[in-house]
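Note that the coordinates shown come from a computational prediction; the quantities given were computed from them, not determined experimentally. Sequence positions, counted from 1, serve as the residue numbers for this chain.
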Amino acid sequence: QVQLVESGGGLVQPGGSLRLSCTSSGFSGNDYAIGWFRQVPGKRREGVSCLNMLDDTSYYSDSVRGRFSISKDSASNAVYLQMNDLRPEDTARYFCVSDTSWAAHWCRPDFFRLEGFLNVWGQGALVTVSS
């Protein structure tokens, strides 16, 4: 059974940085992808980024491109989301996400449209950007 666990959320001032971690377990091989979505109460979940664990291809939403960076540490089964130049509108619960049916194929330029098809979600980490 695949599981994802997030850590690293918290309170940060505008312009500050924060790094989220997602530790996975249960995958066999590395033909899969890990991504991040975020959600503000009352709104739909929004795709943030994804990383193909097989070939290291990554994608970002327009709202975070150039400020956020996704990376991995294969030795520890961890994926990181480095968030720089944070803004109040980045405040949300951030979810680590993957899928056991699509392999890594869902991590593509329109990954943010595939939220409803992804079947593995973490519990979420709250990020608050406020002065």
With a 3.5 Å distance limit and no angle check, can you tell me whether [X] reaches the backbone of [Y] through a side-chain donor-acceptor pair?
X      : Y      : answer
Arg38  : Ala92  : no
Thr128 : Thr91  : no
Lys72  : Tyr80  : no
Asn119 : Thr100 : yes
Arg67  : Ser63  : yes
Glu6   : Cys96  : yes
Arg19  : Gln82  : no
Asn52  : Asp55  : yes

Rounded to the nearest 0.5 Å, what's the gap from [atom1] on [X] to [atom2] on [Y]? Could you check?
X      : Y      : atom1 : atom2 : value
Leu86  : Phe68  : CG    : CZ    : 5.0 Å
Glu115 : Trp106 : CD    : CH2   : 11.0 Å
Gln3   : Ser24  : CD    : OG    : 10.5 Å
Leu54  : His105 : CG    : NE2   : 9.0 Å
Ser58  : Leu51  : OG    : CG    : 6.0 Å
Ile34  : Cys22  : CD1   : SG    : 5.0 Å

Closest approach of [X] to [Y] (non-hydrogen atoms, all atoms of both residues):
X      : Y      : answer
Trp121 : Leu118 : NE1-O, 2.9 Å
Ser61  : Gly47  : CB-O, 3.3 Å
Gln123 : Leu4   : OE1-O, 3.9 Å
Gly9   : Leu20  : N-CD2, 3.6 Å
Ser98  : Ala33  : OG-O, 2.6 Å

With a 4.5 Å limit on heavy-atom distance, are the side chains of [X] and [Y] in contact?
X      : Y      : answer
Asp99  : Val120 : no
Tyr60  : Ile70  : yes
Leu114 : Phe112 : no
Val97  : Arg45  : no
Met83  : Trp36  : no
Val129 : Gln13  : no
Ser74  : Asn30  : no
Phe37  : Phe111 : yes

Inset, instruction - Mind telling me whether Phe117 and Trp102 have parallel, tilted or perpendicular rings, with 30° and 60° as the class edges? - result: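 It falls in the tilted class, 30° to 60°.
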Inset, instruction - Evaluate the ring planes of Phe27 and Tyr32, with Trp represented by its six-membered ring, and classify them as parallel (under 30°), tilted (30 to 60°) or perpendicular (over 60°). - result: parallel
Inset, instruction - Check whether more than 12 heavy atoms from other residues, nucleotides or ligands sit under 6.0 Å from atom CZ of Arg65, and answer yes or no. - result: yes
Inset, instruction - Group every Ile, Leu, Val, Met, Phe, Trp and Tyr by side-chain heavy-atom contacts under 4.5 Å, then state whether Val127 and Val48 land in the same group. - result: yes
Inset, instruction - Taking atom types as modelled, find out whether Ser17 and Asn84 have a side-chain donor-acceptor pair closer than 3.5 angstrom. - result: yes
Legend entry - Ser25 and Gln1 side chains, donor-acceptor separation under 3.5 Å: no
Legend entry - Short N-O contact, Asp90 and Arg87, less than 4.0 angstrom: no
Inset, instruction - Quick one: do Ser49 and Tyr59 satisfy side-chain contact (heavy atoms from CB on, under 4.5 Å)? Show the steps, please. - result: CA-CA 5 Å; Ser49 181; Tyr59 298 96; 6.0 Å; no
